[in-house]
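In the text below, chain A, chain B and the rest are named by the order of the sequence lines, each starting its count at 1. Note that these values count all heavy atoms, side chains included, but never hydrogens, waters or copies made by symmetry.
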Amino acid sequence: MHKDRRSFLKVSAAAGGGMMIGFNFFACKAESKIPDFIAPDLQIPEKWNKLNGFLSIGENGVVTIMSPNPEIGQNVKTAMPMIVAEELDADWDRVIVEQAGLDTENYTRQIAGGSGSIRESWKELRETGAKARYMLLSAASAKLGVPMEELTTEKGKIYHKATDTVIDYGEVATAAASVEVPEEVALKDPKDFTLIGSNVRNVDGFNIVQGKPLFGLDVMEEGMKIAMIAHPPAFGMKIKTLDDSAAKAMSGISDVIRINVEPEGWNPQWSDVNAYPEVVAVVGESTWQVMKAKKALKIEWEKESELESSLDHEATMREALSTGKGEVARTDGDPDAAFAKAHQVIEKSYSAPFLAHNTMEPMNFYANVTADRAELKGPIQTPMFLEGTLAGVLGMPKENISIMMTRMGGGFGRRLYGHFGTEAALISKAVKAPVKLVYTREDDMTQGTYRPAYMTTYKAGLDKEGNLTALQIKGAGLPGSPLWADRYPAGTVDNYQATNFSLNTNISTGAWRAPKSNFIAVAEQSFLDEVAEAAGKDPIDFRLELFDRAKNNPVGEKNDYDAERYAGVIELVKEKSGWGSNKPGVHRGFSAYYCHSTYVAQVLDVVVKDGQPKVEKVYCAVDCGIVVNPEGARNQLEGGIVDGIGHFMYSALSFKDGVPQESNFDKYRLIRHEEAPEAIEIFFVDNGIDPTGLGEPSLPPIGAALANALYKATGTRLYNQPFIKEEGLLG
Amino acid sequence: MAQYNLKINGVERQVDVDADTPILWVLRDSLNLVGTKYGCGIAQCGACTIHINGKAVRSCSLPIGAAEGKEITTIEGLSADASHPVQQAWIEHDVPQCGYCQAGQIMSASALLSENKNPSDQQISDAMNGNICRCGTYTRIKAAIKTAAKHS
Ligand code: FES
Ligand code: FES
């Protein structure tokens, strides 16, 4: 045992990281507070001194930093505390990170969405650390009888150089806790960062590789029952009658009930997306028993609205784009006149299906609702909105509701919409017992809240010299248009028009990693590749020419991107990938995109092996400002790339008479090991700008880098996702 | 319901469950060994991978009777303290994103390496294709398996 522990320490030190400590609320409840495998040499203090909502410091200098935001795999549980620790000048080897629950008094934005955790909280997190540091310095100054200005800090210690005195944060933590919190403090010059910009491992890494109970599905509580739901099999259907006699008679089953998360007169919030407000719940002792009983339910469903099919969806969108009126979002110049004069006109349409989020951990939630309290735990990206919904549905004041966020087995936007939390609460209330609601994979995949289906048409006019003189974009979605009318290429073309078509569907949809961008980037960047070819220009040079225009003499005033930074990442990936050098057998595709305030440019190399295209390498240049945790950032960007390649290439959710045709991973194809790129190399632009989003921006452009490379490999342009279904692909 | 005797992570355990209960739910619900994950229930995702007599098996699709009298190892039993070379390599390469699939990935990888000390790229893919990672950590997983192969 002891030997093993040392060997583990050796490996961890060799890899250059300090001791990373994960700490979660399950562990809080354990006798010893922290399992001893975490850090054998870290003494847990007897007494904590709370300096603010984020920070407590023990008498021995060990620091606990709360991580406020939901952790869905974007690694904010490591990065957010790093920012606090940086300004505090804490010793990261003596930091414990703890997941906070919903706490609207201490934290302002407890959301995992919009790639916003770091960029929205950057200043607040820094100030939190800096203010605590000030309080420690103030206490030290009083203790030593020297002016604060003569004190410096480093790695959890305070130095008075003139008298050669060193004191640990722990020694003044108690006194610091009663120092008045300063109104304003100076923040570090980013040049002086020591922790930010260094590679820090995932604080939950040790727990994850040991299978510790971190996730919502792992919650076990005294007297807890298991609940499952049965929702209608088709969009447009609802429950008519329920015969639960067979299910109720089965072993281990205690209750079968109907619940409705949208009571009469209910006023939904944006996060209350839900196609099936009324469901049947089965409650019992064990998951397997409840699963079996669910199959024994006899439910008659009835149609309440149209039963839609994928073929109709396509036709609806195609018709809207060709004959519909649409809503013009922006016009520059006179596109019609410009097309009439153009030397060459190119027009292409692109489409993509609905997509399920398919987080690896299916939807679930724990709830214990009594007459006057509701205690919930589980995976939720928007705890504050869930709280609001619960208060309304349960008719309970918010103060009586507590929500603890577990680590989440993926989010991708799915857990922004917390109907499963409300369902768990209503079931618990009805059966008067704590319950853990568990969705089967099938329940999860067929429940809705999908990425909308999209179609778009791009039309370009070129003059004799191959200059882009006109661009017209029409975008249709079921529902919502995928266009960003003021983003690139807006601003680079004299005659430009963007038109939105939002169509209706009864299939429920929601944000899916990089909403809208996850479709439009692929269309836009595939189209520009085709236009560059028609213009007889190198695809990168063609785009850079457009950015020159945007830099020097932009068209319009509302352009929502920075042409310098955009061109910057393109130049960077061009250089790093050795673009222009011909590698035999390697087919290259280029793409660039901007979203969540971050600029990304990619070069993707395809080789053909045994008649099959294979992604060999992806070069990815990123401008996301200051990179808090480079290793974590690279992991996110790699994940977005693999995720994107997978969905653009393989994934689709289709419908027949309202019924999702894919309900599990035997039919819904996700990317697997063998199909992932052999290598991904990430290059960051180092510009000291405040950090921007990272969880989403590498996904949208990769679809076009892939399509453009596959075109080089096969001679076939790809317009419709998933590409695997397009004719002309090899194999 | 019926009684079953199982040997899990070297310890004899007795459970009383329906005969058709998959090992996955015996582990998770009856024994509170929740490191083994549920992802699909139809042997398609690998989240539930455990070892039976050293071989990687999808526990969601194996009824309890099939495991009686055999050595069952779960992620909790792979090592006492994350010291298994595969776990070490996972930490070194900072593989996990959400982490949900990783117990299954580690169990598949460790079964592969116990049979084949130095797998080729193709052998790694063949052994790992059954384990989905929705977060897309595949390139790191492959690198970590190669590191683990060096250290085991
Ligand atoms: S849960 Fe067993 S393979 Fe997916
Ligand atoms: S790390 Fe999230 S599914 Fe693999």
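Neither the backbone nor the side chain of A:Tyr668 comes within less than 4.5 Å of any heavy atom in chain B. Interface residue A:Met291: only side-chain heavy atoms are found under 4.5 Å from chain B. For B:Ile141, the part lying under 4.5 angstrom from a heavy atom of chain A is the side chain only. At a 4.5 Å heavy-atom cutoff, the contact between A:Met360 and chain B is made by backbone and side-chain atoms alike. Looking at A:Ser251, the atoms closer than 4.5 Å to chain B (heavy atoms on both sides) all sit in the side chain, from C-beta outward. Contact annotation for A:Val209: both backbone and side-chain heavy atoms come within less than 4.5 Å of a heavy atom of chain B.
Relative orientation of the B:Tyr100 and A:Phe215 rings is perpendicular, given thresholds of 30° and 60° on the angle between their planes.
One distance of note links CG of A:Asp666 with CD1 of B:Ile42; it measures 3.5 Å at 0.5 Å rounding. The NE2 atom of A:His673 lies 10.0 Å from the OG1 atom of B:Thr139; values are rounded to the nearest 0.5 Å. In this structure, the separation between OG on B:Ser125 and CD on A:Glu675 is 9.5 Å, given to the nearest 0.5 Å. A:Asp444 CG to B:Cys40 SG: the interatomic distance, rounded to the nearest 0.5 Å, is 12.0 Å. Annotation: the span from B:Gln87 atom CD to A:Ile208 atom CD1 amounts to 12.5 Å, rounded to 0.5 Å.
Contact detail for A:Ile72 and B:Cys98: the closest heavy-atom pair is O-CB, 3.5 Å. Of all heavy-atom pairs between A:Glu631 and B:His93, the closest is OE2-O, 4.5 Å.
Side-chain contact between B:Thr137 and A:Glu638 is absent, with no heavy atoms from C-beta onward closer than 4.5 Å. Contact of the A:Met220 side chain with the B:Val34 side chain is registered, since non-hydrogen atoms from C-beta on lie closer than 4.5 Å. In this structure the side chain of B:Arg134 reaches within 4.5 angstrom of the side chain of A:Asn358, judged on heavy atoms. Residues B:Ile132 and A:Phe665 meet the side-chain proximity criterion, which asks for heavy atoms closer than 4.5 Å.
Scanning residues 101-113 of chain B against chain A with a 4.5 Å non-hydrogen threshold yields B:Cys101, B:Gln102, B:Gln105, B:Ile106, sorted by number. Residues of residues 3-21 of chain B lying within less than 4.5 angstrom of chain A, judged on heavy atoms, are B:Asp18, B:Asp20, B:Thr21 in numerical order.
Counting only residues at least two apart or in different chains, ring-ring contact (aromatic ring centres under 6.0 Å, His included) contacts with residues 60-81 of chain B are absent. Applying the side chain to side chain donor-acceptor pair (under 3.5 Å) test to every pair with at least one member in residues 32-45 of chain B, sequence neighbours left out, gives these pairs: A:Asp218-B:Lys37.
Interface remark: of the candidates B:Asn129, B:Leu78, B:Thr74, B:Asn129 forms the most heavy-atom pairs closer than 4.5 Å to chain A. Put simply, of B:Val95, B:Asp94, B:Ile75, the one with the most heavy-atom pairs under 4.5 Å next to chain A is B:Asp94. When each of B:Pro96, B:Gly35, B:Ser30, B:Ala143 is scored by its heavy-atom pairs under 4.5 Å with chain A, the top score falls to B:Pro96.
Judged purely by atom type and a 3.5 angstrom limit, A:Asn75 has no side-chain atom pairing as donor or acceptor with the backbone of B:Gln97. The backbone N or O of B:Gly41 sits nowhere less than 3.5 Å from a side-chain atom of A:Arg441 that would complete a donor-acceptor pair.
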Audit row: A:Glu678, B:Lys142, salt bridge (charged side-chain N to carboxylate O under 4.0 Å, His left out) steps and yes/no: CA-CA 9 Å; A:Glu678 288 296 322; B:Lys142 188 183 254 184; 3.3 Å; yes
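Relative to the six-membered ring of B:Tyr138, A:Arg672 misses at least one condition, a distance below 6.0 Å or an angle of at most 45° to the axis.
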